[in-house]
Amino acid sequence: MSVSNPLYIYNSLSRKKEVFEPLNPPFVGLYVCGPTVYSDVHLGNVRSFLTFDVVYRYLTYLGYNVRYVRNITDVGHLIDDSDEGDDKIEKRARLEKIEPMEIVQKYTNGFHDTVTQFNLIPPSIEPTATGHIVEQIEMIQRIIKNGFAYEVNGSVYFDVKKYSEKHNYGELSGRKIEDQLEQTRESLEGGNEKKFFADFAIWKNASPETIMKWDSPWGTGVPGWHLECSVMSTKYLGQAFDIHGGGMDLKFPHHECEIAQSVGADGVNPVKYWMHGNMLTVNGTKMSKSLGNSFLPHELISGDHPLLDKGYTPMTVRFFFLQANYKSTVDFSNEALQAAEKGFNRLMAGVETLNKLTPSEVSSVDVNAIISKSTESLNDDFNTPTTIAHLFDGVKTINAINDNKETINQSDLTSLQQHYKGFVFDILGLVNEKDNSSDNELSNELMDIIIDLRNQSKENKDWGTADLIRDELKKLNISIKDTKDSSTWNYEK
RNA sequence: GGUUCCGUGGCCGAGUGGCUAGGCAGUGCUCUGCAAAAGCAUCUACAUCAGUUCGAAUCUGAUCGGAACCUCCA
């Protein structure tokens, strides 16, 4: 990475783009809030994890040694955050009449399957909340020792008011707790254990019926949801680390609480760069399970959903997401997906053409412009849409070379091929799904024979037979396309 | 009500003061037995009003409209 061309990251904390400078180069610590495994992940979740997949891929591409931690929340996430009510996983377990850990396993497996379909790279460490109960208890003890938490009836709450005397609770989300004091009156009525409305549970007393619970200095209970991320990021990335990512909807209260917990326990502001991905919307409204407007990945692929005209491949969707900035909302629509599908195919065709180009003595094209423009785009806070736009400009150049309107020499060709491989496949993480012709050797050979016969008919100007073959194959979803001196075939579904 | 953000051509979606974003669709052309595909070229824009400026989609103010968060959600 050259000094003249640094990577900029939009830091939610400062609300500005900042030059990315790791705390301990060449090492980079990246923490991303993972899923709560109590139900299927939907497409909105996928978008968020995809955003940070590209971050991870690009940092790795730049040569950093990245430790990527993404947790699995398998306990402690309560139904609502008045810190009352059931644990999400336990509730689901009762519904499905199985063990909570079966729920955890089932949906963890599902999460992994889904994320693999979209070609997300697994994190370096994928820790679970239940695997770090001891560390969570230790962190609570440090917070209590520092005077930022109090115990009531076997539960421990973070003392936001006390914390705010010395620190800035709300610095990430721009909230001023004084402004919200009026909410205090109503919120504190009704026998709430909290001293202050903004206080949040870091340990919650468990009822006798609760299955997943642990012994602690404050009795039997479960850790608070916000705590696990603080604990696991500290354990695996240190008290201060480089990048913390998550969805916009986690900014408050979740990430705000993480900062408070880390500062409260260890006196260290934990994160240098906060990154927040925006939401996937459907008809302008956030995709969410509770609103019932979410797509499950298999519904998308099969097209089996009231809002979908047809199915789309995971790579089409990946490309679709990458054509929007991660900080903007993306609205899900059939038209947009169809456009993405065709655009993606065009890009893949361009890459295929690039790899078949024959070099000339001299270059008439400016390869460095294509390379530097797309690189600059990515350096501008992972601006994948402009990166892709520049890659499309490159496709135009590639086609011109292929049509002998421009020329390229060997060294330029090699650079361009490496650049496209690096950007399209390694960084954007796209996969050319069209390589389906080699699925079955027998059908390939059969098709060779059929196409050969048809070509003979064409040579004899027997158009009737040639068209009959094409029409009959079409009924089997095999489409024939004639090029100048050969024919290609493609089987769909 | 508070916090944060957005409003760009038929659709999606970049762009922060002057210079073509890009994709899809449309239109024209090339290729072609036909078809399809592909390639090339190309039209339509910056919510409204006022201001700053030689010059604004880009800065300021107001208005209208929309979203997320403030309860669990990536």
Side-chain angles (χ1 to χ4, degrees), chain A residues 12 15 32-36 38-39 41-52 77-86 88 170 172-177 179-180 182-183 187 198 225 245-254 256 276-281 284-291 294 319-320 323-325 327-347 349-350 353 373 377 380 383-393 395-396 399-400 402-403 405 458 461-463 466-467 470-471 474 479-484 487-488 490:
Chain A
S12 302
R15 301 196 182 85
V32 174
C33 290
T36 301
Y38 72 106
S39 65
V41 288
H42 65 242
L43 229 42
N45 306 115
V46 170
R47 184 191 179 203
S48 188
F49 299 126
L50 166 64
T51 294
F52 298 103
H77 206 152
L78 303 181
I79 300 293
D80 70 75
D81 190 48
S82 48
D83 291 320
E84 303 297 327
D86 288 323
K88 287 190 169 192
L172 180 65
S173 53
R175 263 159 245 265
K176 301 264 180 290
I177 52 165
D179 294 346
Q180 299 178 19
E182 50 195 82
Q183 296 177 21
S187 299
W225 172 44
M248 211 76 112
D249 49 357
L250 295 181
K251 198 191 245 185
F252 187 90
H254 185 58
E256 202 73 72
H276 290 96
N278 214 326
M279 299 294 106
L280 175 63
T281 62
T285 309
K286 176 180 173 180
M287 180 180 285
S288 93
K289 287 171 195 166
S290 50
L291 290 174
S294 56
F319 183 78
F320 168 68
Q323 271 196 304
N325 194 296
K327 294 197 297 296
S328 308
T329 55
V330 167
D331 200 60
F332 210 83
S333 72
N334 281 291
E335 284 169 315
L337 274 170
Q338 275 163 28
E341 184 174 61
K342 294 192 176 174
F344 173 61
N345 289 338
R346 180 173 151 82
L347 183 62
T353 306
K373 279 182 183 171
S377 294
D380 181 18
N383 194 335
T384 51
T386 42
T387 305
I388 289 171
H390 291 305
L391 292 173
F392 272 118
D393 284 340
V395 167
K396 213 166 267 186
N399 287 332
N402 194 42
D403 293 344
K405 290 173 185 159
K458 283 171 69 183
K461 298 208 190 304
D462 179 5
W463 310 126
D467 290 352
R470 186 171 64 197
D471 293 344
K474 189 72 195 171
S479 53
I480 297 283
K481 289 166 193 168
D482 295 340
T483 57
K484 264 178 194 149
S487 301
T488 61
N490 188 41

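Quick note on labels: first sequence line is chain A, next is B, and so on, each numbered from 1.
Within 4.0 Å of A:G246, counting heavy atoms only, lie sugar-phosphate atoms of the nucleic acid but no base atom. Note on A:T51: nothing from the nucleic acid sits closer than 4.0 angstrom, heavy atoms only. Note on A:K396: only backbone sugar-phosphate atoms sit closer than 4.0 angstrom, heavy atoms only; bases stay farther off. A:E335 comes within 4.0 angstrom of sugar-phosphate atoms only, judged by non-hydrogen atoms across all strands, and of no base. Nucleic acid contact class of A:M279 (heavy atoms, under 4.0 Å, all strands): base. Residue contacts for A:S173: at a heavy-atom cut-off of 4.0 Å it reaches the sugar-phosphate backbone alone, with no base atom in range. Within the 4.0 angstrom heavy-atom criterion, no nucleotide atom of any strand lies near A:L337.
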Report each atom pair, protein N/O against N/O of nucleotides 15-21 of chain B, whose distance is under 3.5 angstrom.
unit_1 : atom_1 : unit_2 : atom_2 : d
B:G15  : OP1    : A:N383 : ND2    : 3.0

With 3.5 Å as the limit, what N/O pairs link the protein to nucleotides 7-9 of chain B?
none

Every protein N/O lying under 3.5 Å from an N/O of nucleotides 36-38 of chain B:
unit_1 : atom_1 : unit_2 : atom_2 : d
B:A36  : N1     : A:D482 : O      : 3.0

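In the set B:G39, B:G13, B:U3, B:G39 carries the atom at the smallest distance from any side-chain atom of A:D403. Checking B:G33, B:C69, B:A74 against the side-chain heavy atoms of A:D467 singles out B:G33 as nearest. Closest to the side chain of A:W463, from the set B:G33, B:A74, B:G2, is B:G33. Closest to the A:P253 side chain, of the nucleotides B:A14, B:C12, B:C70, is B:C70. Between B:A74, B:G13, B:G39, one nucleotide has an atom nearer to the side chain of A:K289 than all others, and that is B:A74.
No donor-acceptor pair under 3.5 Å is formed between the side chain of A:S48 and the backbone N or O of A:N45. A donor-acceptor distance shorter than 3.5 angstrom exists from the side chain of A:T51 to the backbone of A:R47, with no hydrogens or angles considered. When atom types are taken as modelled, the side chain of A:E256 and the backbone of A:S173 share a donor-acceptor pair closer than 3.5 angstrom. Proximity of a side-chain donor or acceptor of A:N383 to a complementary backbone N or O of A:S377 within less than 3.5 Å is not detected. Not one N or O on the side chain of A:T329 forms a donor-acceptor pair closer than 3.5 Å with the backbone of A:N278.
Across the protein-nucleic acid pair, A:K286 atom NZ and B:G66 atom P stand 19 Å apart, rounded to whole Å. A:L291 places its CG atom 13 Å from the P atom of B:A74, with the value rounded to the nearest Å. We find that CD of A:Q338 is positioned 15 Å from P of B:G13, with the value rounded to whole Å. Rounded to an integer number of Å, the gap from A:L280 CG to B:A68 P is 12 Å. Distance, A:K327 NZ to B:A68 C1': 16 Å, rounded to whole Å. For the pair A:N402 CG and B:C31 P, the interatomic distance rounds to 17 Å; values are reported in whole Å. Rounded to an integer number of Å, the gap from CZ of A:R470 to P of B:U32 is 15 Å. If you measure from atom NZ of A:K461 to atom C1' of B:G33, you get 7 Å, rounded to the nearest angstrom.
B:A47 sits 8 Å from B:G65 when the C1' atoms are compared, rounded to a whole Å. Remark: the separation of the C1' atoms in B:C49 and B:C54 is 23 Å, to the nearest Å. Taking atom C1' on both B:A50 and B:A56, the two are 14 Å apart, rounded to the nearest angstrom. Of the C1' atoms belonging to B:A25 and B:G9, the separation is 12 Å, rounded to the nearest Å. Spacing between B:A57 and B:G15 at atom C1', rounded to whole Å, works out to 9 Å.
Ion pairing between A:D482 and A:K458 holds under the 4.0 Å rule for side-chain N and carboxylate O. Ion pairing of A:R470 with A:D467 is present here, as a side-chain N (NZ or NE/NH1/NH2) and a carboxylate O approach within less than 4.0 Å.
Residues A:K474 and A:S479 share a closest heavy-atom pair of NZ-CB, 3.6 Å.
Side chains of A:N402 and A:T353: no donor on one and acceptor on the other come within 3.5 Å.
By the side chain to side chain contact (heavy atoms under 4.5 Å, CB included) test, A:A389 is found to be paired with no residue, residues two or more places apart in sequence or in another chain being considered. Residues that satisfy the side chain to side chain contact (heavy atoms under 4.5 Å, CB included) test with A:K327, not counting sequence neighbours, are A:Y10, A:N325, A:D381.
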task: Just do the side-chain contact (heavy atoms from CB on, under 4.5 Å) check on A:Q323 and A:V330 with the steps written out, would you?
output: CA-CA 9 Å; A:Q323 271 196 304; A:V330 167; over 6 Å; no
- request: Quick one: do A:L172 and A:S12 satisfy side-chain contact (heavy atoms from CB on, under 4.5 Å)? Show the steps, please.
  value: CA-CA 7 Å; A:L172 180 65; A:S12 302; 4.1 Å; yes
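For the pair A:S48 and A:G284, both in contact range of RNA chain B, the more 5′-proximal nearest nucleotide belongs to A:G284. Where A:K458 and A:G44 each meet RNA chain B at their nearest nucleotide, the meeting point lying more 5' is that of A:K458.
Of the side-chain N and O atoms in A:S328, one or more sit less than 4.0 angstrom from OP1 or OP2 of B:A14.
Between A:F319 and A:F344, the ring planes are tilted. Angles from 30° to 60° get that label.
A:F392 does not carry A:R346 over the face of its six-membered ring by the limits of under 6.0 Å from the centre and within 45° of the normal.
Once the 5.5 Å centre distance and the 30° plane angle are applied, the aromatic ring of A:F392 is found not to be stacked with the base of B:G23.
At a threshold of 4.5 Å between non-hydrogen side-chain atoms, the residues A:K481 and A:S487 do not count as touching.
Among the duplex regions that RNA chain B forms, those built from at least three successive Watson-Crick or G-U pairs under 3.5 Å are B:1-7 with B:64-70, B:10-12 with B:22-24, B:26-30 with B:38-42, B:47-51 with B:59-63, ordered by first number.
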